[in-house]
Amino acid sequence: MRIEHSHEPIERNIAMELVRVTEAAAMASARYLGRGDKNLVDEAAVVAMRYVLDNVSMDGIVVIGEGEKDEAPMLFNGEIIGDGSSPKVDVAVDPIDGTNLVAKGLPGAISVVALSERGTMHCPERFFYMDKIATGPVAKDCIDINASVEENLGNIAEAKKRNVNELTVSVMDRPRHAQLLAEIRATGARVKLISEGDVAASIEAALPDRDVDVLMGIGGTPEGVLSAAAMHCLGGAIQCKAWPRDETERAEALEAGIDINRVYKTEDLIDSTEIFFAATGVSSGEFLKGVRYFRGGAQTRSVAMRSHSGTVRWIDSLHNFGRLDKLSFFELP
């Protein structure tokens, strides 16, 4: 579902309001850390996120939502959210990027929200997965998803004035990446395997003074759009290509006239200069610390970004359960 382009200027920094959204989802879901129930984790995050989003001053439409894969009753694609006031915006959500991480008590899960002007956020919905490459500002003009691994890493190393064996590549630990890993290792570059959460991994590749230089590999299509929002804010770049899961998906796309070889760049996924991004740690990882409970409250660590100014804010928050439990989404752990 697409809404007409309005490109209404966004005067205030909504990223700070979005932090309240991701904080709520993180605190609601972190109560179930390590309890082995991913559905419970996701449900808690979705309910909390939906509740707070509806109180944000905006006329929003969910473009990237829970979607078909989760059969979600709320935060689905096309849902209208916010209090209905100005501005008109597209919204992308991932209540938990790394649901299994939380369920298993593993590090690295985050809650994520991004928004941009109405009609500027585009998701290649036909494909469940996309091949991706993402890096930061220094090497953003040197990547080419159609080039070889060796060529990309060589160009990134040259841009960063380093040797290839000093680079670190983040890759999701999946059987489908066996060939990719072999090609990366053949160059001498280091590899950091992640079990889930390529949004956080793409952000780490774009942040200064982090151990990751580039993200490579196949991941979820919606996560690619969320990563693009962060890349706009950080000055980095992402490139994606469709990765059909099987011949049926490939044939259906071709029959629909879709170019499966098209390269989607950062600006193809979101073509706006006013983009806002927020994330809160759920289970502690290298990108963000997770929710820490103490008697009567909790502490969260978040990041808020705005593309127009390029400002990145790191936010430590203390939350008082005596007041938060008055909100309908929140229950004491």
Asker: So, do Q239 and I143 sit near enough that their side-chain heavy atoms are less than 4.5 Å apart?
Answerer: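 A side-chain contact exists here, since the closest heavy-atom pair is under 4.5 Å.
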
Asker: How far apart are the closest heavy atoms of V164 and G154, and which atoms are they?
Answerer: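 Taking V164 first and G154 second, the nearest heavy atoms are CG2-CA, 4.0 Å.
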
Asker: Quick check: are there more than 12 heavy atoms from other residues, nucleotides or ligands sitting under 6.0 Å from CG of D211?
Answerer: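 No.
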
Asker: Is R245 atom CZ crowded by more than 12 heavy atoms from other residues, nucleotides or ligands, each under 6.0 Å away?
Answerer: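 Result for CZ/R245: enclosed.
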
Asker: Examine R176 relative to Y129 and say whether NZ or CZ is less than 6.0 Å from the centre of the six-membered ring and inside a 45° cone about the ring axis.
Answerer: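 The answer is yes; both the distance and angle limits are met.
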
Asker: Nearest heavy-atom pair of L269 and P124: which atoms, and what distance?
Answerer: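 Smallest heavy-atom distance, with atoms named: CD2-CD, 4.1 Å.
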
Asker: For F127, does the CZ atom have more than 12 heavy-atom neighbours from other residues, nucleotides or ligands under 6.0 Å away?
Answerer: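 Yes, CZ of F127 has more than 12 neighbouring heavy atoms, counting only those of other groups under 6.0 Å.
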
Asker: If you draw a 6.0 Å radius around NZ in K241, do more than 12 non-hydrogen atoms from other residues or ligands fall strictly inside?
Answerer: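 Yes, NZ of K241 has more than 12 neighbouring heavy atoms, counting only those of other groups under 6.0 Å.
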
Asker: I'd like to know whether I238 forms a side chain to side chain contact (heavy atoms under 4.5 Å, CB included) with C240, so could you lay out the CA-CA distance, the side-chain angles of the two residues, the decisive distance to 0.1 Å, and finally the verdict.
Answerer: CA-CA 7 Å; I238 185 170; C240 308; 3.9 Å; yes

Asker: Taking all non-hydrogen atoms of both residues into account, name the closest pair between L234 and A206 and its distance.
Answerer: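 Heavy atoms of L234 and A206 come nearest at CD1-CB, 3.8 Å.
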
Asker: Hey, are the side chains of E223 and K132 touching, using non-hydrogen atoms and a 4.5 Å cut-off?
Answerer: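 The answer is yes; the side chains approach within 4.5 Å.
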
Asker: Taking atom types as modelled, find out whether S202 and S227 have a side-chain donor-acceptor pair closer than 3.5 angstrom.
Answerer: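 Yes.
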
Asker: Is there a side chain to side chain contact (heavy atoms under 4.5 Å, CB included) between V112 and T22? Walk through the geometry before answering.
Answerer: CA-CA 6 Å; V112 187; T22 55; 5.5 Å; no

Asker: Report the C-alpha separation of I14 and L115 in whole Å, then their side-chain angles, then the decisive distance to 0.1 Å, and conclude whether the side chain to side chain contact (heavy atoms under 4.5 Å, CB included) test is met.
Answerer: CA-CA 9 Å; I14 304 180; L115 62 80; 3.8 Å; yes

Asker: Do D37 and Y32 come close enough that some side-chain heavy atom pair is under 4.5 Å?
Answerer: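 D37 vs Y32: side chains apart.
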
Asker: Does the distance from a Lys or Arg side-chain N to an Asp or Glu carboxylate O, for K38 and D42, drop under 4.0 Å?
Answerer: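 Here K38 does not pair with D42 in a salt bridge, since their nearest N and O are not under 4.0 Å apart.
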
Asker: Hey, what do you get for OH (Y51) to CE (M49), rounding to the nearest 0.5 Å?
Answerer: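 The CE atom of M49 is 15.5 Å from OH of Y51, to the nearest 0.5 Å.
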
Asker: Tell me, please, whether F277 has R306 positioned over its six-membered ring: NZ or CZ under 6.0 Å from the ring centre and within 45 degrees of its axis?
Answerer: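 No, R306 does not lie over the aromatic ring of F277.
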
Asker: Are M130 and Y264 side-chain neighbours, meaning at least one heavy-atom pair lies under 4.5 Å?
Answerer: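 Yes, at least one pair of side-chain atoms sits under 4.5 Å.
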
Asker: Would you say L153 and M216 make side-chain contact, with heavy atoms under 4.5 Å?
Answerer: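 Counting from C-beta outward, L153 and M216 do come under 4.5 Å.
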
Asker: How close do V282 and S111 get, heavy atom to heavy atom, and via which atoms?
Answerer: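 Of all heavy-atom pairs spanning V282 and S111, the closest is CG2-N, 3.9 Å.
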
Asker: Is T135 close to L215 at the side-chain level, that is, under 4.5 Å between some pair of heavy atoms?
Answerer: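 Result no, sub-4.5 Å side-chain heavy-atom pair not found.
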
Asker: May I ask you to decide whether R250 forms a salt bridge with E247, counting only side-chain N to carboxylate O separations under 4.0 Å?
Answerer: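 Yes, this pair counts.
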
Asker: Does E158 have more than 12 heavy atoms from other residues, nucleotides or ligands lying within 6.0 Å of its CD?
Answerer: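 Check fails, neighbour count at 12 or below.
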
Asker: Determine, using the 4.5 Å side-chain heavy-atom cutoff (strictly less than), whether F276 and L75 are members of one ILVMFWY cluster.
Answerer: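 Yes; L75 is reachable from F276 via cluster members.
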
Asker: For the residue pair S272 and E117, confirm or rule out a side-chain donor-acceptor distance under 3.5 Å.
Answerer: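 There is such a pair (donor and acceptor under 3.5 Å, judged by atom type) between the side chains of S272 and E117.
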
Asker: What distance separates E286 CD from S284 OG, expressed to the nearest 0.5 Å?
Answerer: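 It is 11.5 Å, given to the nearest 0.5 Å.
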
Asker: Give the intermediate values and the outcome of side-chain hydrogen bond (donor to acceptor under 3.5 Å, both in side chains) for residues H319 and T300.
Answerer: CA-CA 8 Å; H319 306 270; T300 57; 2.8 Å; yes

Asker: Report yes if the side chains of K192 and V171 come closer than 4.5 Å at any heavy-atom pair, otherwise no.
Answerer: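 Not touching, per the 4.5 Å side-chain cut-off.
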
Asker: Is the shortest heavy-atom distance from the side chain of V63 to the side chain of V91 under 4.5 Å?
Answerer: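 No, their side chains stay 4.5 Å or more apart.
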
Asker: Examine the side chains of H308 and T273 and answer whether a donor and an acceptor come within less than 3.5 Å of each other.
Answerer: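 No - no donor-acceptor pair under 3.5 Å links their side chains.
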
Asker: Assess whether side chain to side chain contact (heavy atoms under 4.5 Å, CB included) is satisfied between S283 and L106, documenting all intermediate values.
Answerer: CA-CA 7 Å; S283 58; L106 297 173; 6.0 Å; no

Asker: Restricting to non-hydrogen atoms, name the atom on E151 and the atom on S148 that form the minimum distance, rounded to 0.1 Å.
Answerer: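 Looks like N-OG, 3.0 Å.
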
Asker: Does the plane of the ring in F321 sit parallel, tilted or perpendicular to the ring in Y293? Use 30° and 60° as the thresholds.
Answerer: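 Because their plane-to-plane angle lies in the 30° to 60° range, the rings of F321 and Y293 count as tilted.
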
Asker: Does K160 have more than 12 heavy atoms from other residues, nucleotides or ligands lying within 6.0 Å of its NZ?
Answerer: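 Buried by this count: over 12 neighbours within 6.0 Å.
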
Asker: Under the rule for side chain to side chain donor-acceptor pair (under 3.5 Å), what residues qualify as partners of R210, not counting sequence neighbours?
Answerer: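 R210: side chain to side chain donor-acceptor pair (under 3.5 Å) contacts with E204.
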
Asker: Is it the case that more than 12 heavy atoms not belonging to Q299 sit under 6.0 Å from its CD atom?
Answerer: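 Counting neighbours around CD of Q299, more than 12 heavy atoms of other residues, nucleotides or ligands fall under 6.0 Å, so yes.
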
Asker: Please determine whether a side-chain nitrogen of the Lys or Arg among R190 and D213 lies less than 4.0 Å from a carboxylate oxygen of the Asp or Glu.
Answerer: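 So R190 does not pair with D213 through a salt bridge.
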
